[in-house]
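Quick notes on the structure that follows.
Every heavy atom of this structure was used, including side-chain atoms; hydrogens, water molecules and symmetry mates were not.
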Amino acid sequence: MLDLGMMFAAAFLAATLLPGGSEVLLVALLTKEGSHAWALVVAASLGNTLGSMTSYLLGLYGRRAISPEQMATKGYRHGLNLIQKYGMWSLLLAWVPVVGDLLCVIAGWMKLPILPASLLIFIGKFIRYLLLMALTLQWL
């Protein structure tokens, strides 16, 4: 049970604007506790999704602080272009380092609907952890 809580917390922190590597912890725990693989993947996916939703909320509440002109600057342009081109589907890439955090902040800033946004974020993150689990268990 401690492993699941630790996995959840590490994944949550890794998805916020703080640096962190939940993948390393997942591989270590899978190596130690392979029988709980699915529970670890779900805990990591939920924690990472909730961390991304924290970034979403920062974007939503940051609307007052960041104007559309500031959002069009170089720092945000790539993420903004992805969301403008692919819409909410771009949130499937929320797991990608650096870009994913930015996509979640911009999604909140653009007031994308929270339930579909969180579902797409979860799906992308779940697939990433699922693939990591499959690769790790294959090598054991």
Side-chain angles (χ1 to χ4, degrees):
M1 204 56 170
L2 178 63
D3 289 346
L4 293 178
M6 190 169 38
M7 185 70 254
F8 179 90
F12 178 88
L13 291 173
T16 61
L17 300 176
L18 301 173
S22 59
E23 297 84 5
V24 174
L25 179 61
L26 179 62
V27 169
L29 291 174
L30 286 171
T31 304
K32 177 183 150 197
E33 293 286 333
S35 62
H36 292 72
W38 284 101
L40 288 168
V41 167
V42 170
S45 301
L46 287 173
N48 213 243
T49 299
L50 289 174
S52 290
M53 294 314 295
T54 302
S55 298
Y56 175 97
L57 291 173
L58 287 172
L60 182 65
Y61 294 119
R63 284 184 62 82
R64 297 181 198 128
I66 301 174
S67 69
E69 294 79 24
Q70 290 171 305
M71 192 57 82
T73 63
K74 187 178 181 185
Y76 296 100
R77 191 175 312 134
H78 183 65
L80 194 55
N81 288 342
L82 277 172
I83 291 179
Q84 287 174 336
K85 184 173 183 178
Y86 299 107
M88 205 175 305
W89 294 104
S90 61
L91 294 176
L92 288 169
L93 299 175
W95 63 271
V96 176
V98 181
V99 173
D101 293 335
L102 185 60
L103 286 172
C104 295
V105 170
I106 293 170
W109 187 87
M110 293 178 74
K111 291 186 173 182
L112 296 181
I114 194 166
L115 289 178
S118 58
L119 180 62
L120 288 169
I121 291 168
F122 176 80
I123 290 169
K125 290 173 181 284
F126 181 76
I127 290 170
R128 174 197 50 184
Y129 286 120
L130 189 64
L131 289 173
L132 189 58
M133 176 188 78
L135 289 172
T136 301
L137 294 179
Q138 179 182 354
W139 289 330
L140 289 180

Original post:
Per the side-chain contact (heavy atoms from CB on, under 4.5 Å) rule, which among L58, I121, T54 passes with C104?
Top reply: I121
Might you point out which heavy atoms bring [X] and [Y] nearest each other, and give the distance in Å?
X: S45; Y: Y129; result: OG-CD1, 3.6 Å
X: T49; Y: S118; result: CG2-O, 3.8 Å
X: A94; Y: L103; result: N-CD1, 4.5 Å
X: L132; Y: T136; result: O-OG1, 2.8 Å
X: A14; Y: G21; result: CB-N, 4.5 Å
X: L25; Y: M7; result: CD2-CA, 4.0 Å

Do the non-hydrogen side-chain atoms of [X] and [Y] ever get within less than 4.5 Å of each other?
X: W38; Y: M133; answer: yes
X: L30; Y: L40; answer: yes
X: I66; Y: Y76; answer: yes
X: L112; Y: I83; answer: yes
X: I127; Y: W95; answer: no

Subject >> Contacts of F126 that satisfy ring-ring contact (aromatic ring centres under 6.0 Å, His included) - sequence neighbours left out >> reply: F122
Original post:
What distance separates L91 CG from K125 NZ, expressed to the nearest 0.5 Å?
Top reply: 10.0 Å
Subject >> Between CG on residue L120 and CE on residue M88, distance to nearest 0.5 Å >> reply: 7.0 Å
Original post:
Does one hydrophobic cluster hold both V24 and W139, with members joined at side-chain heavy-atom distances below 4.5 Å?
Top reply: no
**OP:** Tell me whether L92 is reachable from L115 by hopping between hydrophobic residues (I, L, V, M, F, W, Y) whose side-chain heavy atoms are closer than 4.5 Å.
**Re:** yes
With [X] via side-chain contact (heavy atoms from CB on, under 4.5 Å) - residues at least two apart:
X: P97; value: none
X: E69; value: S67
X: I114; value: M53, Y56
X: L80; value: M71, Q84, I106, M110

Original post:
Can you check side chain to side chain contact (heavy atoms under 4.5 Å, CB included) on L135 and Q138, steps first, answer last?
Top reply: CA-CA 5 Å; L135 289 172; Q138 179 182 354; 4.3 Å; yes
**OP:** Tell me, please, which residues at least two apart from K32 pass salt bridge (Lys or Arg N to Asp or Glu O under 4.0 Å).
**Re:** D3
**OP:** Evaluate the side chain to side chain contact (heavy atoms under 4.5 Å, CB included) criterion for residues L82 and V99: first the C-alpha distance (whole Å), next the side-chain angles of each, then the deciding distance (0.1 Å), finally the verdict.
**Re:** CA-CA 10 Å; L82 277 172; V99 173; 4.1 Å; yes
